[in-house]
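The structure under discussion appears below in the form of structure tokens.
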Amino acid sequence: MKAVVITSPGDPEVLQLQEVEEPEIKDDEVLIKTEAAALNRGDIYQRQGFYPPPEGASTFPGLECSGIIEAVGENVSRWKVGDKVCALLSGGGYAEKVAVPAGQVLPVPSGVSLSDAASLPEVACTVWSTVFTMSGLCPGETLLIHGGSSGIGTFAIQIAKFKGAKVFVTAGDERKLAFCNDLGADLCINYKTEDFVVRVKEETEGKGVDVILDCVGAAYLQRNLDCLNVDGRLFIIGSISGFIAELNIAAMFAKRLSIQAAALRTRSVEEKASIVKEVEKNVWPAIMSGKVKPVVPQRFPLGEAAEAHRLMESGNHIGKILLIA
């Protein structure tokens, strides 16, 4: 089969489409003939040499995919050959075939194309596990999403609105902000021209937001705490700006704030299966009802993975970028 190989750590051109051996499945795994894979920021970090796959995982990049099941392991009962599915992966999505634990597989939601389904597993599992399970966002509360036009952001806007929350977002240009507004965001802040802390305080009569989903990291840490409400929760899922920050913890005491951080890829197979199960129960109905939709403006052939990475790194995209196998 063909797969995108990271020939050495470096810039996008190190991604090369090569002939490789097909994966062998274990008793509790399925083999998916890939229709599409979606890009994630973790793919870029892996390509650069900063985010190695977990032990035993495929060395090819790709943290989510969609396709048709080609084979099932002896212990797999739910899935059968021919099923149309999408899956949360620890790696290996940038390939014509991928082996994945059966518990990380989801049915393609009705109303969603097989290729577009590749854009759903990683964002759905990330947003549900962080914003709802761990941060406990409730109906009537307010969520602030940094990077509202990203894959994570566009999904989080929709599912948070579906669940009855108010949604604020930040983004870097008016085109992206307009897109977030069309998705249902209640307040769209241009972080290049406005102070998001000031705007949040203005819109909430000084109270602040209840939950923040942050991909920026160090540079926003203190400012995030400054615009949280009493009992506010900050969840960090990325650190584009770096990992080291100085923090005045007085606000944490005064407002009973909490800070959490997590990566999905490094969780155990059992933890991922549990999250996938919760996503199918709580998120899939919103997608099948048409209230939450994939946002996939850009598609590239598998052999153009380097070009797809350049687009993601440029920051000029909205939503998810797909590689079509």
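- Looking at every heavy atom in both residues, Ala160 comes nearest to Phe132 through CA-CZ, 4.0 Å.
- A donor-acceptor contact shorter than 3.5 Å is absent between the side chain of Arg267 and the backbone of Lys272.
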request  = Could you walk me through whether Lys161 and Asp186 pass salt bridge (charged side-chain N to carboxylate O under 4.0 Å, His left out), step by step?
outcome  = CA-CA 9 Å; Lys161 292 296 294 182; Asp186 299 283; 3.0 Å; yes
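- Salt bridge annotation for Arg223-Asp214: absent, with no cationic side-chain nitrogen under 4.0 angstrom from a carboxylate oxygen.
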Taking only distance into account, with no hydrogens and no angle test, what donor-acceptor pairs under 3.5 Å do side-chain atoms of residues 49-63 form with protein atoms, sequence neighbours excluded?
residue, atom, partner, partner atom, Å
Ser58, OG, Phe60, N, 3.1

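- The other residues sharing a hydrophobic cluster with Val216 are Leu144, Phe168, Leu187, Ile189, Tyr191, Phe196, Val197, Val200, Val209, Ile212, Tyr220, Leu221, Leu225, Leu228, Leu234, Ile236, Leu247, Ile249, Met252, Phe253, Leu257, Ile259, where clustering joins ILVMFWY side chains under 4.5 Å apart.
- With sequence neighbours left out, Glu122 forms a salt bridge (Lys or Arg N to Asp or Glu O under 4.0 Å) with no residue at all.
- Put simply, CD on Glu271 and OG on Ser129 are 10.0 Å apart, with the number rounded to the nearest 0.5 Å.
- Considering only residues two or more places apart in sequence or on other chains, Lys80 meets the salt bridge (Lys or Arg N to Asp or Glu O under 4.0 Å) condition with Asp83.
- In this view, Lys320 and Glu64 satisfy the salt bridge (Lys or Arg N to Asp or Glu O under 4.0 Å) rule, not counting sequence neighbours.
- Classification of Arg199 and Glu202 as a salt-bridged pair holds, one side-chain N sitting under 4.0 Å from a carboxylate O.
- To the nearest 0.5 Å, atom CG of residue Asp11 and atom CD1 of residue Ile44 are 11.0 Å apart.
- Screening residues 68-105 for ring-ring contact (aromatic ring centres under 6.0 Å, His included) gives Tyr94-His309 as the qualifying pairs, with residues at least two apart or on separate chains.
- Atom CG in Leu323 sits 11.5 Å away from atom SG in Cys65 (nearest 0.5 Å).
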inquiry  = Apply salt bridge (charged side-chain N to carboxylate O under 4.0 Å, His left out) to residues Lys201 and Asp195 and explain how you reach the verdict.
reply    = CA-CA 10 Å; Lys201 290 294 184 68; Asp195 184 329; over 6 Å; no
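- At least one donor-acceptor pair closer than 3.5 Å links the side chain of Asp210 to the backbone N or O of Thr142.
- Salt-bridge annotation for Asp231 and Arg256: present, with a side-chain N of the basic residue lying under 4.0 Å from a carboxylate O of the acidic one.
- Gln18 pairs by the side chain to side chain donor-acceptor pair (under 3.5 Å) definition with nothing, not counting sequence neighbours.
- Between Glu174 and Asn190, the side chains place a donor N or O and an acceptor N or O closer than 3.5 Å (distance only, hydrogens not considered).
- For Arg41, there are no side chain to side chain donor-acceptor pair (under 3.5 Å) partners at least two apart in sequence or on another chain.
- Considering only residues two or more places apart in sequence or on other chains, Asn181 meets the side chain to side chain donor-acceptor pair (under 3.5 Å) condition with none of them.
- Val296 belongs to a hydrophobic cluster whose other members, connected by ILVMFWY side-chain contacts under 4.5 Å either directly or through intermediates, are Leu322, Ile324.
- Listed here is the closest heavy atom pair of Val269 and Pro101: CG1-CB, 4.0 Å.
- Side-chain N or O atoms of Arg233 include one that pairs as donor or acceptor with a backbone N or O of Gly136 at under 3.5 Å.
- Checked against side chain to side chain donor-acceptor pair (under 3.5 Å), Thr170 has the following partners two or more places apart in sequence or in another chain: His146.
- Apart from Ile25 itself, the hydrophobic cluster it occupies contains Leu31, where clustering links Ile, Leu, Val, Met, Phe, Trp and Tyr at side-chain heavy-atom distances under 4.5 Å.
- Of the charged side-chain nitrogens involved, none lies within less than 4.0 Å of a carboxylate oxygen, so that Lys33 and Glu96 do not count as a salt-bridged pair.
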